[in-house]
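Input: a single structure, listed below in structure tokens.
We count ligands from 1, going down the list as the structure has it; atoms in each ligand are counted the same way.
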Amino acid sequence: MTLPSRVRVVEVGPRDGLQNEKQPIATDIKVELIHRLAEAGVTYIEAGSFVNPKWIPQMAGSEEVFQQIRRDPGVTYAALTPNLQGYQRAIASGVSEVAIFAAASEAFSQQNINCSVAESIERFAPVMTAAANDNVRVRGYVSCVVGCPYEGEVATGKVADVARQLFDMGCYEVSMGDTIGVGTPASVSAMLEATLEYIPAAQLAVHLHDTYGQALANIYASMQLGIATIDSSVAGLGGCPYAKGASGNVASEDVIYLLNGLGIEHGIDLDKLIAAGNFISRELGKDSNSKVARARLK
Ligand code: HMG
Ligand code: MG
């Protein structure tokens, strides 16, 4: 199959990246990161999360972040909402759209959102109803689509089934998360092929953590299957609070470099994106996890 001519990049750094940082991060730093990403041409920014702040303290300030960000035209400012309570907080904060998140593995579902996979789907039903009434689009995530930190390998049939349920409930897109970054082009392709039985490629995204350094190869394999929406995290920020040892998402800068090399359109200015990643890395007092950003350091 030929590669897509244009790719939509979903920037998850301000949420998936920062949720995992141990040190407190001031709201104005988060706000500046989001502004810099929009200035770089990023059109979809997951800017926060309306979960229980006791579980994810780093996202406790999401209300303030949404109050303070400038809304650039053409940019979607999204947030995670695990239940109706989170959805209501998100709407009161003026989010552009929300995302619900389920897992393909029972043990991860219990650890992450304190309920079984089936219960999580039931919990999302009132969110979908409220969102339909409010005309708010809902994105769906499936975690542990290749492997689970507690259960090991996850069957492709189970992954496809959970993705199908989110899609059938009305998610306009389902993002397939290799939460612990164990996939290879072979296992990611097999998982996507099973899911493509139910969901068209245009409504699937990949969300690949880079723990084993396979994310870019997995993205290439996904694009060969027609996937044209890629989640990534500036400076490769992040990990997963419920998946010990998992590293951040694939770095956005590295994805853009790959797309540039392949002549695939994306609308993002690589230099400005690198500057945004260097800004947050400096603020966090750590080196960027983006190889491209490191190569460009003078
Ligand atoms: P629970 O404890 O089962 O919920 O948590 P509950 O309904 O029994 O409520 C317990 C308490 O939580 C109550 O407070 C509620 O008010 C409060 P109390 O009476 O004890 O003071 N509560 C809330 N507070 C604020 N906002 C809310 C909310 N909901 C309940 N929305 C829940 C269930 C899902 C809320 C909890 O387990 C939770 O917040 N988990 C957070 C999980 C999370 O954020 N994980 C990281 C994001 S997922 C991810 O990173 C994967 C992804 O990137 C894809 C990939 O890589 O695979 C998306
Ligand atoms: Mg993630």
Report summary line: Judged by heavy atoms only, the candidate from H209, H207, R123 nearest atom 33 (C) of ligand 1 is R123

**Report entry** Angle subtended at the Mg ion (ligand 2) by D16 OD2 and H209 NE2, rounded to 10 degrees
**Finding:** 100°

Report task. Using atom types as modelled and distance alone, determine if a side-chain donor or acceptor of H209 lies under 3.5 Å from a backbone N or O of T211. Result -> no

Report summary line: A student checking ligand 1 against F50 at a 4.0 Å heavy-atom cut-off should list atoms 26 (N), 27 (C), 31 (N)

Query raised in the report: Do L18 and L284 have side-chain heavy atoms sitting under 4.5 Å apart?
Result: yes

Report summary line: Nearest non-hydrogen contact to atom 26 (N) of ligand 1 from the set Q85, R89, Q110 belongs to R89

Query - Residues K158, D161: salt bridge by 4.0 Å N-O rule - result: no

Query raised in the report: Applying a 4.0 Å heavy-atom criterion (strictly less than), which segment of V51 is in contact with ligand 1: side chain, backbone, both, or neither?
Result: both

Query raised in the report: Just distances here: any N/O of F101 and N/O of ligand 1 closer than 3.5 Å?
Result: no

Query raised in the report: Which of the atoms of ligand 1 are close to S143, meaning less than 4.0 Å from one of its heavy atoms?
Result: 51 (C), 54 (C), 55 (C), 57 (O)

Report task. May I ask you to check whether H35 and D72 show a side-chain donor-acceptor distance below 3.5 Å? Result -> no

Query raised in the report: For ligand 1, which part of Q19 has a heavy atom less than 4.0 Å away: the side chain, the backbone, both, or neither?
Result: side chain

**Report entry** Charged N-O contact under 4.0 Å between E119 and R123
**Finding:** no

Query - Selection from N114, V145, V142 by shortest heavy-atom distance to atom 3 (O) of ligand 1 - result: N114

Requested in this report: Answer whether the closest heavy-atom distance between the side chains of Y44 and R139 falls below 4.5 Å.
Outcome: yes

**Report entry** Distance-only side-chain donor-acceptor flag, S290 / D254, under 3.5 Å
**Finding:** yes

Query raised in the report: Going by the order shown, which atoms of ligand 1 are within less than 4.0 Å of some heavy atom of D16?
Result: 50 (O), 53 (O)

Query - Option of least heavy-atom distance to atom 29 (N) of ligand 1 (set: N83, V12, L84, I56) - result: N83

Report task. Report, in ascending order of atom number, the atoms of ligand 1 lying under 4.0 Å from any heavy atom of N112. Result -> 37 (O), 40 (N), 41 (C), 42 (C), 43 (C), 45 (N), 46 (C), 48 (S)

Query raised in the report: Is ligand 1 less than 4.0 angstrom away from at least one heavy atom of R15?
Result: yes

Report summary line: Quick look: A103 vs ligand 1, heavy-atom contacts under 4.0 Å, and the answer is neither

Requested in this report: Evaluate whether atom CG of N260 has more than 12 neighbouring non-hydrogen atoms of other residues, nucleotides or ligands under 6.0 angstrom away.
Outcome: yes

Report summary line: T179 heavy atoms within 4.0 Å reach ligand 1 at atoms 55 (C), 56 (O), 57 (O)

Report task. Would you mind telling me if ligand 1 is within reach of the side chain of P82, the backbone, both or neither, using heavy atoms under 4.0 Å? Result -> side chain

Query raised in the report: What atoms of ligand 1 come within less than 4.0 Å of a heavy atom belonging to K54?
Result: 20 (O), 21 (O)

Query raised in the report: When rounded to the nearest 0.5 angstrom, what distance separates CZ in F50 from OG in S62?
Result: 5.0 Å

Query - Which segment of L80 sits under 4.0 Å of ligand 1 when only heavy atoms are counted - result: side chain

Query raised in the report: Does D231 bring an N, O or S atom to within less than 2.8 Å of the Mg ion (ligand 2)?
Result: no

Query raised in the report: Are there more than 12 heavy atoms of other residues, nucleotides or ligands under 6.0 Å from atom OH of Y212?
Result: no

Query raised in the report: Is R164 positioned over the aromatic face of Y198, cation under 6.0 angstrom from the ring centre and no more than 45 degrees off axis?
Result: yes

Query - Residue pair E11 / S252, side-chain donor-acceptor N/O under 3.5 Å - result: yes

Report summary line: Numbered in order shown, the ligand 1 atoms found under 4.0 Å of a heavy atom of G86 are 31 (N)

Query raised in the report: Numbering the atoms of ligand 1 from 1, which are under 4.0 Å from a heavy atom of W55?
Result: 37 (O), 40 (N)

Query raised in the report: If you measure every N/O of Y141 against every N/O of ligand 1, is any gap under 3.5 Å?
Result: no

Query raised in the report: Between K286 and E21, is the closest basic N to carboxylate O distance under 4.0 Å?
Result: yes

Report task. Examine N52 against ligand 1 and note whether any of their N/O atoms are separated by less than 3.5 Å. Result -> yes

Report task. Name the orientation class of the two ring planes belonging to H207 and Y141 (parallel below 30°, tilted from 30 to 60°, perpendicular beyond 60°). Result -> perpendicular

